[in-house]
Amino acid sequence: MELEKNVIQCEKCPITYTLVRKQVKNINMRISNKGEVIVSANPFVSLEKIDDFVKSKASWISKHQTEVVAKNEKCLIDENSIMLFGNSLKIKYTIGKYNYVSYDDKYLYVQHRNTSMPQKVIHQFLDKLCKDVYTDIVKLTCRTLQEYQIALPEIKVRDMKSKWGSCTPEKKSITLNRKLIHYPLEFMEYVILHELVHFIQPDHSKKFYHIIENFMPDYKERIKMID
């Protein structure tokens, strides 16, 4: 059984799917419990035909991926645990004179005032952590791409239902999904590189991925970290 990852450009956003070559009569598609698009097709079916099939299912894919994301979000953070940088941490609460959050490799320590809601304290901490971590990675990535002379863009952080990030070259800004903070740093680095390379190459052509591979040879492995 042969596996390969493909990316196609649709009207709203690119779709990444894993193609499984096996002896099946029709082209089949499913969404994994992690939101990945899995397509099965006979070895004799052309890639162009498969891409057209995936494009025709863009609305269906978006709808079902949104449902999966909503379901999986419950696993990223709850009252007793949180995923942070790809690691599952238990949450320890204490009451103190001021609100303060820290973490190590096992626990997220949440100190909160008696009058404060601990979940609100955690979300405020995550918002600041996102801004700090994403900014650091963007700065480092711009240095990596210094031969292209990319100016440091404005960095926006918000919840995004179907994208990890987006860029607006004309406004010199990138927007990054707040939920990235729950996943491995290596994956964050890929997403940020992906968005910054759009300042060099606006589409998802072979040239685009050639630039990414030149600076991040293991980018395909990084994508698989969230599969």
Side-chain angles (χ1 to χ4, degrees), residues 5-17 35-37 51 54-55 57-70 72-73 76 85 123-220 222-226:
K5 273 193 179 291
N6 295 309
V7 180
I8 58 170
Q9 182 62 45
C10 290
E11 184 177 346
K12 292 184 178 180
C13 63
I15 295 176
T16 300
Y17 69 92
E36 184 184 21
V37 181
D51 284 350
V54 174
K55 287 180 182 179
K57 299 291 184 180
S59 296
W60 182 90
I61 290 170
S62 178
K63 176 179 180 294
H64 284 77
Q65 282 183 326
T66 299
E67 292 173 355
V68 170
V69 167
N72 288 344
E73 279 180 10
L76 295 177
F85 304 121
H123 283 290
Q124 289 173 339
F125 162 76
L126 290 176
D127 284 344
K128 184 178 185 304
L129 187 64
C130 284
K131 192 70 174 180
D132 290 345
V133 172
Y134 298 172
T135 299
D136 285 346
I137 297 176
V138 169
K139 287 180 179 178
L140 287 171
T141 308
C142 282
R143 289 177 197 163
T144 300
L145 298 169
Q146 60 183 342
E147 66 186 81
Y148 294 98
Q149 300 181 328
I150 298 174
L152 186 68
E154 178 187 4
I155 302 165
K156 301 177 182 179
V157 180
R158 66 180 179 88
D159 289 321
M160 305 173 80
K161 291 184 178 181
S162 58
K163 296 181 181 180
W164 290 114
S166 64
C167 76
T168 312
E170 60 272 19
K171 293 184 178 180
K172 297 181 180 179
S173 70
I174 64 172
T175 302
L176 297 168
N177 195 323
R178 184 177 280 106
K179 297 179 186 66
L180 271 173
I181 202 68
H182 298 289
Y183 296 93
L185 275 168
E186 292 86 352
F187 181 68
M188 286 185 222
E189 290 170 345
Y190 162 71
V191 171
I192 288 171
L193 175 63
H194 183 113
E195 298 309 327
L196 288 177
V197 170
H198 276 308
F199 286 86
I200 305 165
Q201 186 70 26
D203 55 25
H204 289 92
S205 62
K206 288 183 178 180
K207 184 177 180 180
F208 173 86
Y209 283 101
H210 176 73
I211 296 171
I212 286 183
E213 188 169 21
N214 185 45
F215 290 97
M216 190 177 283
D218 64 340
Y219 81 92
K220 290 182 180 179
R222 294 178 186 236
I223 293 173
K224 292 177 183 178
M225 286 181 169
I226 64 163

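Just the heavy atoms: all of them, side chains too, but no hydrogens, waters or symmetry mates, feed the values below. For this chain, numbers begin at 1 and follow the sequence in order.
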Return all side-chain donor-acceptor pairs below 3.5 angstrom for residues 141-148, not counting sequence neighbours, or 'none' if the list is empty.
from: Thr141; atom 1: OG1; to: Ile137; atom 2: O; distance (Å): 2.7
from: Thr144; atom 1: OG1; to: Leu140; atom 2: O; distance (Å): 3.1

Do Lys172 and Glu154 meet the salt-bridge criterion of a basic N to acidic O distance under 4.0 Å? no

Would you check if the side chain of Asn177 reaches a backbone N or O of Asp159 as a donor-acceptor pair within less than 3.5 Å?
no

Salt bridge (Lys or Arg N to Asp or Glu O under 4.0 Å) filter on Lys156, not counting sequence neighbours, yields none

Side-chain touch Thr16/Val37, heavy atoms, less than 4.5 angstrom: no

Closest non-hydrogen contact found for Ile150 with Leu196 is CD1-O, 3.7 Å

The reported gap from CG in Leu180 to CZ in Phe85 (rounded to nearest 0.5 angstrom) is 11.0 Å

Distance col, row Glu213:CD vs Asp218:CG, nearest 0.5 angstrom, shows 10.0 Å

Closest non-hydrogen contact found for Pro169 with Phe199 is CA-CE2, 3.6 Å

To the nearest 0.5 Å, atom CE of Met188 lies from atom NE2 of His182 at 9.5 Å

Are any of the side-chain heavy atoms of Gln65 and Lys63 separated by less than 4.5 Å? no

- Check: Arg178 main-chain N/O paired with Tyr134 side-chain donor or acceptor under 3.5 Å: yes

Residues at least two apart in sequence or cross-chain that pass side chain to side chain contact (heavy atoms under 4.5 Å, CB included) with Asn6, listed by chain then number, are Glu4, Tyr17, Leu19, Leu47

Rounded to the nearest 0.5 angstrom, the NZ-OG1 distance for Lys163 and Thr175 is 9.0 Å

With sequence neighbours left out, the residues meeting side chain to side chain donor-acceptor pair (under 3.5 Å) with Asn214 are none

- Looking only at atom types and distance, does a side-chain atom of His64 sit under 3.5 Å from a main-chain N or O of Trp60, one as donor and one as acceptor? yes

Ion pair check, Asp51 and Lys55, cut-off under 4.0 Å:
no

Heavy-atom nearest pair, Gln201 first then Lys207, reads OE1-CD, 3.3 Å

So NZ of Lys220 and CD1 of Ile223: to nearest 0.5 Å the spacing works out to 8.5 Å

#### Entry: Aromatic ring proximity Trp164/Tyr190, centre distance under 6.0 Å
no

Answer yes or no: is there a donor N or O on one side and an acceptor on the other, between the side chain of Arg222 and the main chain of Glu186, under 3.5 Å? yes

Rounded to the nearest 0.5 angstrom, the CD-OG1 distance for Glu195 and Thr168 is 9.5 Å

Notebook entry, point to check: Does the side chain of Pro14 reach to within under 4.5 Å of the side chain of Ile8, using non-hydrogen atoms?
Noted result: no

Residues passing the ring pair (Phe, Tyr, Trp, His ring centres under 6.0 Å) test with Phe208, sequence neighbours excluded, are His194, His198, His204

Any side-chain heavy atom of Val133 within less than 4.5 Å of one from Leu185?
yes

The side chain to side chain contact (heavy atoms under 4.5 Å, CB included) partners of Lys131 (sequence neighbours excluded) come to Thr135, Ile155, Val157

